[in-house]
Amino acid sequence: MYLDHNERKIGAQFSQSGYVVQNIENEAALKNLQGAFLRHLSLKYDVDENNMESWLNNTHKLISPDKLNDFRLDVIQAINNESGFRESYYLLAKPLLETIVGNELAMQRKVNLSIQMPGDKSSLLDVHADTWSGDSPFEVVVWVPLVNCYGTKTMFILPPDKARLFHENYEKLATKNSEDLFKYIEADLEWIDIKVGQCLIFNQTLPHGNRVNG
């Protein structure tokens with residue numbers, strides 16, 4: 001496959017950092033994605049169509065933590081049943097995926113949704129690699145934010161060079177709990193800043209997760 005200068009740069013960044021953040025070029029696919037969420041959220045709540053990001057940033061004022069998972073699962077089912085939703089999600093990241101992975105791809109059946117409310121400990125994804133629970137090492141994850149994500153509102157990832165050292169010592173670390181693992185790698189973690197209108201592709205074999213959204 002012949003790659004231009006920018007594509008080679010993206011590939012090098014993915015190899016070095018374990019992730020790439022890029023602006024979404026397919027605005028129509030992005031609007032289809034946002035519209036799907038908007039349609040199904042508005043069935044439950046009074047959503048301002050002209051200010052969806054503000055609404056999403058304040059869902060914690062409308063939904064209590066004990067109702068969050070049911071709400072999340074309802075939205076996941078609704079958007080995945082909508083015609084063309086998975087295709088729109090794929091099209092958002094297609095140029096990046098073809099640069100990093102190639103064009104012979106399989107996609108999981110359902111697009112997932114993660115919601116991190118301020119101060120909520122019930123929805124955390126503790127430090128993990130997807131391969132630890134049996135996922136293929138030949139996968140990447142595509143994450144499209146619906147709000148700007150930064151600080152404790154985003155995810156962390158352990159870069160490849162640090163992850164190699166971590167895995168070399170994994171047998172010694174295997175008996176530790178997730179909080180001990182986090183503290184062990186905390187100083188080496190990268191916290192990914194990403195805005196609405198961008199997408200993230202990351203290597204899910206690398207330890208990653210999030211913390212309580214402060």
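Nothing here was measured: the structure is a model prediction, and the numbers come from that model.
Distance check, rounded to the nearest 0.5 Å: CG of D4 to CD of E7 gives 4.0 Å. Note that NZ of K9 is 14.5 Å distant from CG of L3, once rounded to the nearest 0.5 Å. Atom CG of D74 and atom CD1 of I79 lie 11.5 Å apart (nearest 0.5 Å). With rounding to the nearest 0.5 angstrom, the NZ atom of K195 is 13.0 Å from the OG1 atom of T154. Distance check: L91 CG to N26 CG gives 5.5 Å after rounding to the nearest 0.5 Å. To the nearest 0.5 Å, atom NZ of residue K94 and atom SG of residue C199 are 14.0 Å apart.
In this structure, I10 and I100 have side chains that are in contact, with non-hydrogen atoms separated by less than 4.5 Å. Looking at H60 and D120, their side chains never come closer than 4.5 Å, going by heavy atoms from C-beta outward. F14 is not listed as a side-chain neighbour of L96, based on a closest heavy-atom distance of 4.5 Å or more. Two residues are said to be in side-chain contact when any heavy atoms from C-beta on lie closer than 4.5 Å; T131 and Q204 meet this criterion. Within the 4.5 Å cutoff, the side chain of L124 has heavy atoms near those of the N210 side chain. Taking the side chain as every heavy atom from C-beta outward, Y184 and N169 approach each other to under 4.5 Å. A heavy-atom distance below 4.5 Å is found between the side chains of K153 and N57. Residues P160 and L206 have side chains in contact (heavy-atom distance under 4.5 Å, counting atoms from C-beta outward).
Side chains of D126 and H128: a donor-acceptor N/O pair is absent below 3.5 angstrom, by distance only.
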*Could you walk me through whether V142 and L92 pass side chain to side chain contact (heavy atoms under 4.5 Å, CB included), step by step?*
CA-CA 9 Å; V142 176; L92 291 174; over 6 Å; no
*Between I115 and V75, does a side chain to side chain contact (heavy atoms under 4.5 Å, CB included) hold up when you go through it step by step?*
CA-CA 11 Å; I115 303 173; V75 175; over 6 Å; no
*Report the C-alpha separation of W143 and I194 in whole Å, then their side-chain angles, then the decisive distance to 0.1 Å, and conclude whether the side chain to side chain contact (heavy atoms under 4.5 Å, CB included) test is met.*
CA-CA 10 Å; W143 180 30; I194 183 169; 4.1 Å; yes
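When all heavy atoms of S123 and Q116 are compared, the closest pair comes out as O-OE1, 3.0 Å. Minimum interatomic distance between M155 and H208 (heavy atoms only, all atoms of both residues): CE-CB, 3.8 Å. In this structure, T152 and G214 approach most closely via the heavy-atom pair OG1-N, 2.9 Å. Taking every heavy atom of both residues into account, F166 and L173 meet most closely at CE1-CD1, 3.6 Å. Nearest heavy atoms, A129 versus T205: CB-O, 3.4 Å. Of all heavy-atom pairs spanning V111 and R86, the tightest one is CG2-CG, 4.4 Å.
A continuous path of hydrophobic side-chain contacts links M107 to L113 [ILVMFWY only; heavy atoms under 4.5 Å]. A continuous path of hydrophobic side-chain contacts links I76 to F71 [ILVMFWY only; heavy atoms under 4.5 Å]. Taking hydrophobic clusters as Ile, Leu, Val, Met, Phe, Trp and Tyr residues chained together by side-chain heavy-atom distances below 4.5 Å, V20 does not share a cluster with W191.
Between W132 and Y170, the distance separating the two ring centers is shorter than 6.0 angstrom.
Counting non-hydrogen atoms of other residues, nucleotides and ligands closer than 6.0 Å to CD of E171 gives a total of 12 or fewer. Atom CD of E186 sits in a crowded spot, with more than 12 heavy atoms from other residues, nucleotides or ligands closer than 6.0 Å.
Among I185, I157, D188, L189, the one residue that satisfies the side chain to side chain contact (heavy atoms under 4.5 Å, CB included) test with K162 is D188.
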